[in-house]
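Data first, discussion second: the structure below is written as structure tokens.
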Amino acid sequence: MNKRKILITSALPYANGSIHLGHLVEYIQTDIWSRFQKIQGHEVYYICADDAHGTPIMLRAETEGVTPEKLISLMYNEHLRDFTNFHIKFDNYYTTHSPETSYYSKDIYNKLKDAGLIAIRNIEQFYDPVKNMFLPDRFIKGECPKCSAKDQYGDNCEACGAAYAPNDLINPYSVISGTPPITKNSEHFFFRLSDHRCIDFLRCWTNEADHLQPEVANKMQEWLGGAGEKKLSDWDISRDAPYFGFEIPDAPGKYFYVWLDAPIGYMGSFKNFCEKNNIDFDEFWGENATTELYHFIGKDILYFHALFWPAMLKNTGYRIPTKIFAHGFLTINGEKMSKSRNTFITARSYLEQGLDPEYLRYYYAAKLNGTMEDIDLNFVDFIARVNSDLVGKYVNIASRAAGFLVNHFNCQVTNLSNQNTTHLSPELKKFKPNLVEELLKSADVIQAYLENRHYSLAISTIMTLTGKVNEYWDQQKPWEKAKQLDDITQRDALHIASSTTIECFRILTIFLKPIVPELAKRAEAFLNIQPLHWKDLWNALPQGHKINTYRHLMTRINQTQIDALIDTNKQVLGLSMDNTSSQNNIKIQQYIVTPISKIIL
RNA sequence: AGCGAAUUAGCUCAGCCGGUUAGAGCGACGGAAUCAUAAUCCGCAGGUCCCCAGUUCGAAUCUGGGAUUCGCUACCA
């Protein structure tokens, strides 16, 4: 097998809100893929960071009476702690507010400028005369021009659904100071995305070599337009002071818009990692890099990752991503995550109920399929699936067979291929290799499913095999054989059945390891073996290998834990939410803010 | 509003380049077993494949219309 060199990223969580179950879809999806590639024996780095800049962070720090630096440092710790507790294993978790990201932001900007791809234009924007700052559209509210509903955002009305521009609002006001905004001119810097160098490149890139999922590629065609059409316009990459971010070189009072430096944060975080571990940065980011680079993202930020980002890299002498993997949103019980239904659940509140993170990892894997479709977390299904598959079927295999080996065979397994089998019946000799081989025969298809992010199909394949092992065990009736231990044939048959079953458990553990790494670790301890890799599929436990006494590897989910989770969530939300009833998932996400008193732990 | 996606058993989902009686897991029901955390195994029942029309010898699968849900329509993180 040739060893691949792979750099993997997840999108950078914004340093303004807590990690919730929706975020975790992405980090769990990515982490499974990263762990899968690692146990294949490839050289893999999984990199992420907090996205630390922008107006919302600046304003929130002000509201909380701390510096932005203090705020993002607190959020950084909270995020990393939550991820770690869900067994998300980054090789480096950093922040965009770093010298490395600053360096690459300026480097990329300067190269774009030298290439003639930066334009400076005067634009008119809303301005808060009290706060002395320009206002993004979302910071302006007013009455809907159509239905007169109050307190509507500048883009559309949540009461009647009308779409309009901010200056159509009746009695507009700044969300920050409450005063009516005025309009004001200012110079802005634009990345000339409409330049033919960008458009021609993107037309090719988005359509070739499976850089994008098919449905994403179609979407990009829509955004790019056909040949001759000019749908892409230039991208405004500057913001005026006051702003929390990096100042643009030779442009006092002008800052890079947070979305410019966010993806560059992937480079910054990796550079930071390279310095600490003596790894060649250019091998992964140089123009002609032959290593692989994958970005896992949500479908909401495709624009940035499939258009702006490749166009920036293409024109500044860096490599282009190998592929972009976009996933859908999470719904809960078939509905969007919602505060009023108490289904806006943070990572923290899940853990505080004592729910095992492996449950959620397993469940998400059972739902994920490599497309951009949304996935649903249905609590009834969640409980049934985890309890039935993971505990009832998989873990139960070890629990059923272990006692016989411990009680009658000094904890030792027998390996049929290494022992004298002359006294066994032909059926018995056949059975074990057949079952083990049947499991091993599925290795390739499971591997392919995981590689292609069809986790749900991988899981259903693994669970079919798990069912077969339980079936085999039932057919063997070891509990009957255990009553006739004086009969050498029965005794050997019992030893073979138990050892075969444990060997199958070992194989299933390898299959499941990227998905439920901590459960796999407990299984390894039970089996008394070194950490398993994919190649170990074909290295059966040797003759005479001793396993440990079985202890519970996983307990079942209790309905009361789920009830408590929803109840607790209700209280937490009541304390920390503002009362906007936004229809928009992303907006909700942005305004979910943990009071700072809660994050200073 | 325009564009796109989805709609299959009680629940969660496969199937979908047209072709034999529409599949799985869970749940329900019946049975077996008692090694295992009441876990497991066997059997059985459940579906006008959103609706209407069309193409076809034949449609869950293709076309058109409709309903519902969701998303995108950048300068919003």
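Values in this document were obtained by computation on a predicted structure and should not be read as measured data. Note on naming: letters A, B, ... go to the chains in the order of the sequence lines (proteins, then strands), and numbering restarts at 1 for each one.
When each of B:C35, B:C70, B:A39 is scored by its nearest atom to the side-chain atoms of A:D374, the top-ranked nucleotide is B:C70. Proximity note for A:V391 (side chain, C-beta onward) versus B:C11, B:U37, B:A36: the nearest is B:U37. Residue A:K393 places its side chain closer to B:C26 than to any other of B:A14, B:C35, B:C26. Ranking B:G25, B:C35, B:C26 by closeness to the A:W479 side chain, first place goes to B:C35. In this structure, of B:G71, B:C26, B:A77, it is B:A77 that holds the atom nearest to the side chain of A:W259. Of the listed nucleotides (B:C70, B:A77, B:C35), B:A77 has the atom at the smallest distance from the side chain of A:P56. Of the candidate nucleotides B:C75, B:C35, B:G25, B:C75 has the atom nearest to the side chain of A:D236. Checking B:C11, B:A36, B:C41 against every side-chain atom of A:E471, the shortest atom distance belongs to B:C41. Taking only side-chain atoms of A:N369, from C-beta outward, the nucleotide of B:A36, B:U12, B:A14 with the closest atom is B:A14. Checking B:A77, B:A39, B:U40 against the side-chain heavy atoms of A:R556 singles out B:A39 as nearest.
With respect to A:E471 and A:K468, no salt bridge is recorded, no charged nitrogen being found less than 4.0 Å from a carboxylate O. Remark: A:K299 engages A:D374 in a salt bridge, criterion side-chain N to carboxylate O under 4.0 Å.
If you measure from atom NZ of A:K468 to atom P of B:C41, you get 13 Å, rounded to the nearest angstrom.
With a cut-off of 3.5 Å on both pairing distances, the Watson-Crick or G-U wobble partner of B:C41 is B:G31.
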### Task
Begin with the C-alpha distance, continue with both residues' side-chain angles, and end with the deciding distance and a verdict on side-chain contact (heavy atoms from CB on, under 4.5 Å) for A:V25 and A:F329.
CA-CA 8 Å; A:V25 171; A:F329 290 139; over 6 Å; no
